[in-house]
Number of protein chains: 2
Amino acid sequence: MDIRNKLIDKGLKVTPQRMAILEAIIELGNHPTAENIISYIKKEYPNIATGTVYKVLAVLVDNNLVRKVVTDKDISRYDGFTERHHHLHSPGSDVIGDYIDKELDEMLEAYFKKKKLPGFKIDNFTLHINGRFN
Amino acid sequence: MDIRNKLIDKGLKVTPQRMAILEAIIELGNHPTAENIISYIKKEYPNIATGTVYKVLAVLVDNNLVRKVVTDKDISRYDGFTERHHHLHSPGSDVIGDYIDKELDEMLEAYFKKKKLPGFKIDNFTLHINGRFN
DNA sequence: TCTTATATGAGAATAATTCTCCTTTAAGAC
DNA sequence: GTCTTAAAGGAGAATTATTCTCATATAAGA
């Protein structure tokens, strides 16, 4: 599905800003920050307001078109990666790797199907793996 | 090990502020924010500076006496829970539940012992489970 | 008790994010 | 195509968590 239709599919108004922001996230890769997105977009839309970018990002997150990636820095990053995946991170590095592993997903799903958590209904889960790139 | 000895054990100077902060994190539970910690401590040490609290928290995190818990809000929370655990979270709620499951830990460890990730050496991992408390 | 490296206090500075308010525009109705 | 209107965007001020600066105080070992 192309970017325009992703927005339409969620019942969102299609605006040039929304298209540009969603495209930027996908294009930039490695979980860009709001600032990364803003400077990327300003090449094409020099007048876009930072407030607009933050507002659009919130809309996209609310509609599950992008995921907000939290980091141990006081800065948010955004993930346009729609396939189910986990995150690899190394302390001191800003790189956040994506890790796709269907076998792992299935194993965890089977595990939680068998073992219910008392007082909690699981919707989804992400494994945050810390270590070292080499 | 008591709080004083946790500091000594890491080769850190023992100061009243460090003791109070570490105690506050353990005492407050549910992953307090820096602000929670500050207002708790001010009851006993009204003159503690916010900068001191942030600096001490950074020292404690660096020495693995507490963990920094990242959230999708732009605010850091701190975890004095030393036992190995995972996190339960519900969108829209500020509660972060701790989830201890040795069986899960062992299953994941066994899995990653068998299945190496190319270009990445795993140190540790935390499962972030989203869902609904009920 | 003395010395010194380190920690703290106070408050200014910074930086990511949010808010306000006015203008513009997308999208459906006609 | 034009009109209408609710929703979106622009500009920049405001907010707020966190960091920084630097002078003072103190923990810990000699």
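Sequence lines set the chain letters: A, B, ... in the order given, protein chains first and strands last, and positions in each chain run from 1. All figures in this text were calculated on a predicted structure; none of them were measured in a lab.
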Point to revise | Residues in contact with DNA chain D, drawn from residues 26-48 of chain B - heavy-atom cutoff 4.0 Å | key: B:A34
Would you list the atom pairs, donor with acceptor, under 3.5 Å between side chains in residues 51-59 of chain A and any protein atom, with sequence neighbours excluded?
none

Review point. Ring pair (Phe, Tyr, Trp, His ring centres under 6.0 Å): which pairs involve residues 9-51 of chain B, sequence neighbours left out?
Key: B:H31-B:H87
Review point. What residue pairs, at least two apart or across chains, pass salt bridge (Lys or Arg N to Asp or Glu O under 4.0 Å) with a residue in residues 27-41 of chain B?
Key: none
Check your understanding: How would you list all residue pairs meeting salt bridge (Lys or Arg N to Asp or Glu O under 4.0 Å) that involve residues 99-110 of chain B, not counting sequence neighbours?
Key -> A:K114-B:E103, A:K115-B:D101, A:K115-B:E103, B:R84-B:D105, B:R84-B:E109
**Study point:** salt bridge (Lys or Arg N to Asp or Glu O under 4.0 Å) partners for A:K73, two or more places apart
**Key:** A:D94
Exercise for review: List, by chain and number, the other hydrophobic cluster members for A:V69, where Ile, Leu, Val, Met, Phe, Trp and Tyr join if side-chain heavy atoms come within less than 4.5 Å, directly or indirectly.
Suggested key: A:I96
Review point. Start at the 5' end of DNA chain C and walk down; is the nucleotide closest to A:K55 or to A:Y78 reached first?
Key: A:Y78
Study note, to complete from the structure: Contact span of DNA chain C against chain B, any nucleotide atom under 4.0 Å from a heavy atom, 5' to 3', runs C:dA5 to C:dT17
Point to revise | From B:L88 atom CG to B:F133 atom CZ, the distance as rounded to the nearest 0.5 Å | key: 5.5 Å
Under 3.5 Å between N/O atoms: give me all the protein pairs with nucleotides 13-16 of chain D, atom names plus distance.
none

List the atom pairs, donor and acceptor, that lie under 3.5 Å between side-chain atoms in residues 1-19 of chain A and the rest of the protein, sequence neighbours left out.
{"residue": "A:D2", "atom": "OD1", "partner": "A:N5", "partner atom": "N", "Å": "3.0"}
{"residue": "A:D2", "atom": "OD1", "partner": "A:N5", "partner atom": "ND2", "Å": "2.8"}
{"residue": "A:K10", "atom": "NZ", "partner": "A:N63", "partner atom": "O", "Å": "3.2"}
{"residue": "A:T15", "atom": "OG1", "partner": "A:R18", "partner atom": "N", "Å": "3.1"}
{"residue": "A:R18", "atom": "NH1", "partner": "A:K13", "partner atom": "O", "Å": "3.0"}

**Study point:** Members of residues 2-25 of chain B that approach DNA chain C, where some heavy atom sits under 4.0 Å away
**Key:** B:K13, B:T15, B:Q17, B:R18
**Study point:** Sequence neighbours excluded, every pair satisfying salt bridge (Lys or Arg N to Asp or Glu O under 4.0 Å) that has a member inside residues 121-134 of chain A
**Key:** none
Exercise for review: Identify the heavy atoms of B:G80 and B:I25 that sit nearest to each other, and give their distance.
Suggested key: N-CG2, 3.4 Å
Exercise for review: Tell me whether the OP1 or OP2 atom of D:dT19 has a side-chain N or O from B:Y54 closer than 4.0 Å.
Suggested key: no
Review point. Just how far, in rounded Å, is C1' of D:dA17 from NZ of A:K73?
Key: 16 Å
**Study point:** First encountered from the 5' end of DNA chain D, between B:I75 and A:G51
**Key:** A:G51
Study note, to complete from the structure: Taken to the nearest whole Å, CZ/B:R77 to C1'/D:dT18 is 17 Å
Check your understanding: Checking all strands, does A:V59 fall into the base, sugar-phosphate, or nothing category for heavy-atom contacts under 4.0 angstrom?
Key -> nothing
Study note, to complete from the structure: So OG1 of A:T50 and CD1 of A:I38: to nearest 0.5 Å the spacing works out to 5.5 Å
Check your understanding: Going through the checks in order, is the side chain to side chain contact (heavy atoms under 4.5 Å, CB included) test met by B:Y99 and B:L127?
Key -> CA-CA 9 Å; B:Y99 175 57; B:L127 194 59; 5.9 Å; no
Practice item. Given side chain to side chain contact (heavy atoms under 4.5 Å, CB included), test A:T71 with B:V70 step by step and report yes or no. Key: CA-CA 6 Å; A:T71 70; B:V70 296; 5.7 Å; no
